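See structure below.
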Amino acid sequence: MLRLTDVSVSYDGVPAVRDASLELPDGQVLAVLGPSGCGKSTLLRAVAGLEPLVAGAIAWDGADLSRVPTHKRGFALMFQDGQLFNHLTVARNIGYALRLRRASGIVDRVGELLALVGLEGYADRLPATLSGGERQRVALARCLAVRPRLLLLDEPLSALDTGLRQRLASDLREILTAEGITALMVTHDHEEAFTVADRLAVMRAGEIVQQGGIDEVWRAPADAETALFLGYARVLDGPVRLAVRRSAFRVDPEGSLRGTVLEARVTPEQVRVVVDVEDVGEVDAVAPLGQHPAAGQHVRLSLDSTRTAVVGG
Amino acid sequence: MTTRRLLTLVGLALGPVLVLAVFFVLPVSAMIGRGFDEGPRAVLEVLGRPRTRRVVWFTVWSAGAATLVSVALGMPAAHVLHRLDVPGRSVVRSVLVVPFVLPTVVVGVAFRLLVRGTPLDGSALAIVAGLVFFNVAVVIRVVGAAWESLDARPGEAAAALGASPAQVFRTVTWPALRPAVVSAASVVFLFCATSYGVVLTLGGLRYSSVETEIYLLTTQLLDLQAAAALSIVQLLAITALIVVVGRLRRSPDPTTARRPNRARRPGRGDLPQVVATVVALALVVTPLLTLLAGSLREDGTWTLANYRRLRTVGDGNALLVPVTDALVTSLRTAVDATWMSLLLGGLIAVVVSRRSLSRAERGLRSTLDAFFMLPLGVSAVTLGFGFLLTLDTSSRLLVPIAQALVALPLVVRTLVPVLSGVDDRQRQAAASLGAGPLRTCATVDLPVVRRPLLVAAGFAFAVSLGEFGATSFLVRDEHPTLPVVIFQLIGRPGSENFGMALAASVVLAAATALVVLVVDRLGVRSLGAF
């Protein structure tokens, strides 16, 4: 089990991570979610032993790691762009850590890993001949080769295009659960975090602002900024602050809220409208296809409370 | 459209091609002709002489040894100075580049002073030390530049997979660094094998390299036939070496990522490398300090007498003109050589670095590229010898022209990477916004190339100030340059003359070092471009 206690990291005196505390039980996947530049990659590098701590402690199963160099931590680190060794074939990349440990049965294990990541027959290819998605699969296999006690993933899917990213995210989830891997992933993409992780920590400006199980965080974002970062469309001020998804309001003749349409746009799934609601202000709403409310038209809206979250609750 | 592009290309290339034809192809072919005057047998006869064999063997082993030592000292120093956050590293880096352009004669004098009265005096070891003094800077620059921008992440990935620092170096860093190291080593070998001033001043009568042997055969023994034969051999050997170097330079893995790195604080494991850096620094600084101290001493007291004597012609009229006159001649010549090599090198760089649009253009361009690289294959001594055979040596322009040709490869190698580094889409963007060709050049190319141009000018100036190989053949007795005067002074008896040589060396070293340090402050990677 990984435990971070009040970890701080600085670059040339400028703090990049402040007082970060985290817990990651064995067999779980924790995603650290935050905008770029929030210090999440630095946190990951600190766990890997690549950045010295200014304060705090990182411990594995209760043993402090501060004096353990990177190569003796028994972790594996996967970079955003894979960082495959370009002078080695796919098989030699994957077998790298096994050869370092003079393990036996390298060929079999490499074959097993190639099958696991769906790249049978790629053993003799050079990294330069692979697509972005294939490179990441090889990088993942290379990390898994020696069954690391902790897998560190630095934006593993960000360099890929959208369709591929979604497919690889669910593959990644499948592989991690199948192998029972404990993993710490940093990402700026909440969809990716939801697909891959069990737990979520939200990071902003060097600090961890919220953490917990995916649905805990999702149901009760700590503050407005967190809510927006988690994919909520707006945060409405009122007696309670309410984070609403784009589809929380629907155009509904029976609805209890009244408003004026400001803007309407047809998408393949539904009509998206922006409505100025009395006593509430501007909100996003959806209408079924076929209805086409025009700007200036008065409409009624209903609220689906399952698509909202109370902020700071 | 294509025809117009081709014509522009030919127009731009015409000047440099003509200059090289007259001042390079003609002298060199005359020299080759002289070698074969009495048929190829005469060449073979020269090569069969025991002395020639000894000279060739000495050239090869001294250059090889100096290369090995330079790499052994330069690699750790490159790591310390380009990857670690050690105090004063920018100063040390600057100090270590100075030797590269220091006049060879000055280095020879400094080492001679250093080993005078010890068993090392006139030994091969002193020569090798002198060669290392010059070339450790090349290794540090070339390897350091590659190391500095080497992406740290593959190494980190390996460390995270369990590789110890030594294993990371062996399996990740070394494969990425190898092309730079091999390229640096071959360039250093080339420089060592064609080194002239150091061997001439330190070798005395016992040791001679191919380069100094050509000089001795021409000027002392008047055996032009043998000199030409040796020149031909050298020409072939250097050309072969340059082809190899060119191949090696092309081989760096283009997929090796380059990115800026933060310097790391040194740890206990870095100690051996820090020690090697200190040794390299000592090797560079000691001869220079000895030279400075020697120039300020006479009969056991500190004095400026040696410097005052620079306005005289030396003890027993050792010289035809005062040293100060030679300094003025040197500066004037350097100014001429600088503008010549900049003009020539600038045109060549533009011609070579533009992207080709058609097959014909690409063919023409690569032919020109190869042609312009020819001067790199000819040593300064061979060039001077060729000039002597074909051109009217009473012209005062000949010395600056020869020096400009010697500096030319450095100028071209400084400008070409910068010009070809400009993304062509920048020019296309400017053109699409309505800028004509000249305006495009002014907005896109000029800002990028301004500093490298200054750097190239600085290097050309420094090279010309210290140039001795070609100059020693061509200079007229009544207008000697400073390096020639220094060489004359150390050949004459009398401690006063030696003292004057020391003082003159300090002046010359200070002048070139000043130029190089200013240029180095501009921070353009140019030595690394070799």
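In what follows, every chain begins at residue 1, and chains take the letters A, B, ... in the order their sequences are listed. These values consider heavy atoms only, across backbone and side chains, with no hydrogens, waters or symmetry-generated copies. None of the values given here were measured: they were computed from a predicted structure.
Residue A:Arg149 places its CZ atom among more than 12 non-hydrogen atoms of other residues, nucleotides or ligands, all under 6.0 Å distant. Residue A:Arg101 qualifies as enclosed at atom CZ: its count of foreign heavy atoms under 6.0 Å is above 12. Other residues, nucleotides and ligands contribute over 12 non-hydrogen atoms within 6.0 Å of the CZ atom of B:Arg89.
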*Begin from the C-alpha positions of B:Thr171 and A:Tyr96 and carry the test side chain to side chain contact (heavy atoms under 4.5 Å, CB included) through to its verdict.*
CA-CA 9 Å; B:Thr171 56; A:Tyr96 181 81; 2.4 Å; yes

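In terms of heavy-atom pairs under 4.5 angstrom with chain A, the leader among B:Pro175, B:Ala163, B:Ala157 is B:Ala163.
Using a 4.5 Å cut-off on side-chain heavy atoms (C-beta onward), B:Arg153 and A:Leu77 make no contact. Residues A:Lys72 and B:Ser164 have side chains not in contact (no heavy-atom distance under 4.5 Å, counting atoms from C-beta outward). Looking only at side-chain heavy atoms (C-beta outward), A:Gln83 and B:Glu156 stay at 4.5 Å or farther from each other.
Contact record, B:Leu161 with A:Ala76: CD2-CB, 4.0 Å, taken as the closest heavy-atom pair.
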